[in-house]
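Could you have a look at this structure, given as structure tokens, before my questions?
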Amino acid sequence: MTTLDIGAAHTQHWIGGAWARSDASGGIDVIDPSTELVLATVPAGTAADAHRAVRAARAAAPGWARTPLAERLRFLERLVRRLEERAEELAETITAEVGAPSLLARRAHVGLATGIAASYLDIAGRFEFERMIGNSLVVREPAGVVATITPWNVPLLLTLQKIVPALMAGCAVVHKPSELTPLNSLLLAEITAECDLPPGVFNVVVGEGPVVGAALTADPGVDLVSFTGSVRAGRQVAQAGAGALKRVHLELGGKSASIVLADADLAQAVRATVDQVCFNSGQACLQWSRLLVPAERQEEAAELAAQAAAGYRPGPPRDPGTDLGPLVSAAALQRVRGYITQGITEGARLVAGGPEPVAGLDTGYYVRPTVFTGVSESMTIAREEIFGPVLSIMSYSDQADAVRIANDTPYGLHGAVWGGDLDRATAVARQIRTGQVDVNGGPFNLLAPFGGYKQSGIGRECGVEGLESFCEIKSMQLPDATSEPVGPRLRGGDDGEGRS
Ligand code: NAD
């Protein structure tokens, strides 16, 4: 049982700086995936709830846009401090609703999320909101009212990754968290109020994607939609946004490859790949779900990967011995087990894990860390995003073949290259069509832009690019007696060349 105290106030929307009752008659049960018990019931928000929150954001947007940057930065300083002070509570909430082991929740979910928020103190502080280009004053203005829609897998981090740069750009936000994990966002709403964010600048509406998410996307009061989630839902958001030619930013799924070159340290590369595949129980968009090894080393790689996977201990997330928590939901468990069964049926060789329940864990949505070898490019497990701790080992004939296989996917989010020669490994990384590639275990850099090629998304988050995403750009041409204008000077009835 969780010790988490979820107050009644935390189970409503947060609109205009106050807890707000929903128009909805029904509710959504938030389930603890390790106990299968109901943690809380939140409103199944309606389209009317979403529109109400947009109106609150629209009312607050002009004032926040006019607020000097120094004041917006002071809010961010308070936010970072409060996130640190309430880190334990946030981590417990994430453990309860996502199932993330306690240490992972504290370090990766909350620690990294706070780090990303803090990174904008410097980025926004030094951001060039205005510059002169010749006689043009070019200003970056807030995009307006932003709807942020996020998934459940790393919920706080993905939320802060959007809302902090949006707020620093001067935008007002309506946030819709995943219906599976809304509680951390409601806690965040309370924290923003403790930091004296003016009412209406940040709002949270909970509910289902096709209802609340769709209503936000279609609302003419929303200027920009920033979405993270599946390709399926991302496509719907893009289509709905296209009607109003609304700006839509998409962070979607992945099917990334970890390429082990012939001169790499195979043991190090395989160990790191299995660890990355098991991170957050395999529920990570940047997962390296395909391990590409030279054909003659496939057997050795399979043995190493099986050993590494066998070292993982699935278990209750609050147990200090656990390093693999449950999957988020019964549906996720069924989907991941289905993929594992399909891998076996399609002829991949199972060397670790499998679709069977984890021994001794009768309650909770646990899956065994699973490794397949002899996976061919046409198999479903090599093509589709599984979103669980499942690794597919594939062989290649030469370096060009490795690059071809890595790029043979509609996705383009992430990847890894391992090699004895850093320059050569980096040259291979340049050929991978993804938004990020780690070379020889280069660590995550929260200042580097993150996002996808191809169907993995449109736009970038994190770093300077993350802030630019929430700005509009205006050029004002000022009279300049000292220089010639670039291009013709047009007057009424005159095309600038003396013709009319
Ligand atoms: P999902 O697409 O089912 O849901 C994501 C969010 O979209 C939820 O809040 C959901 O309610 C909402 N939604 C669903 N349908 C909608 C619609 N028609 N209109 C508006 N909103 C809608 O995804 P999920 O299962 O929550 O998350 C897993 C997916 O997210 C994976 O594909 C994963 O790769 C991806 N993801 C991507 C990144 C990234 O940065 N690229 C990060 C994390 C997760």
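One-based numbering, in listed order, for ligands and for the atoms of each. Everything numeric in this text was worked out from a predicted model, so none of it was measured.
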Worksheet item: What atoms of ligand 1 come within less than 4.0 Å of a heavy atom belonging to Ser178?
Response: 9 (O)
Response to the item:
One finds that the ligand 1 atoms under 4.0 Å from a non-hydrogen atom of Gln236 are 17 (C), 18 (N)
Worksheet item: For ligand 1, is there an atom lying under 4.0 Å from some heavy atom of Ala214?
Response: yes
Fill in: Non-hydrogen side-chain atoms of Leu160 and Leu157 separated by less than 4.5 Å
no
Worksheet item: Strictly under 4.0 Å, does any heavy atom of Gln161 approach an atom of ligand 1?
Response: no
Worksheet item: Which of the numbered atoms in ligand 1 are below 4.0 angstrom from a heavy atom of Phe227?
Response: 2 (O), 6 (C), 7 (O)
Worksheet item: Is any side-chain heavy atom of Lys454 less than 4.5 Å from a side-chain heavy atom of Thr434?
Response: no
Worksheet item: Numbering the atoms of ligand 1 from 1, which are under 4.0 Å from a heavy atom of Asn153?
Response: 43 (C), 44 (C)
Discussion item. Out of all atoms in ligand 1, which are within 4.0 Å of some heavy atom of Leu413? Include the element for each.
Written reply: 41 (N)
Worksheet item: Taking distance alone, with no angle check, do Lys176 and ligand 1 share an N/O pair under 3.5 Å?
Response: yes
Worksheet entry | NZ/NE/NH1/NH2 to OD/OE distance under 4.0 Å, Glu377 and Arg404 | yes
Worksheet entry | Any non-hydrogen protein atom less than 4.0 Å away from atom 4 (O) of ligand 1 | no
Worksheet item: Is there a side chain to side chain donor-acceptor pair (under 3.5 Å) between Ser469 and Lys162 once you walk through the steps?
Response: CA-CA 9 Å; Ser469 302; Lys162 293 183 189 301; over 6 Å; no
Worksheet item: Can a non-hydrogen atom of Gly234 be found less than 4.0 Å from any atom of ligand 1?
Response: no
Worksheet item: Of all the atoms in ligand 1, which lie at a distance below 4.0 Å from a heavy atom belonging to Pro177?
Response: 9 (O)
Item to complete: Report, in ascending order of atom number, the atoms of ligand 1 lying under 4.0 Å from any heavy atom of Phe450.
Response: 40 (O)
Fill in: Check: Phe127 and Cys471 side chains under 4.5 Å, non-hydrogen atoms
yes
Worksheet entry | Aromatic centroids of Trp152 and Phe387 separated by under 6.0 Å | yes
Worksheet item: Using a heavy-atom cut-off of under 4.0 Å, does the side chain or the backbone of Glu461 touch ligand 1, or both, or neither?
Response: neither
Worksheet item: Regarding Thr380 and Glu346, is there a side-chain donor-to-acceptor distance under 3.5 Å anywhere?
Response: yes
Worksheet item: Which ligand 1 atoms are under 4.0 Å away from a heavy-atom of Leu158?
Response: 42 (C), 43 (C)
Worksheet entry | Protein contact to atom 25 (O) of ligand 1 [nearest heavy atom, distance to 0.1 Å] | Trp152 NE1, 3.0 Å
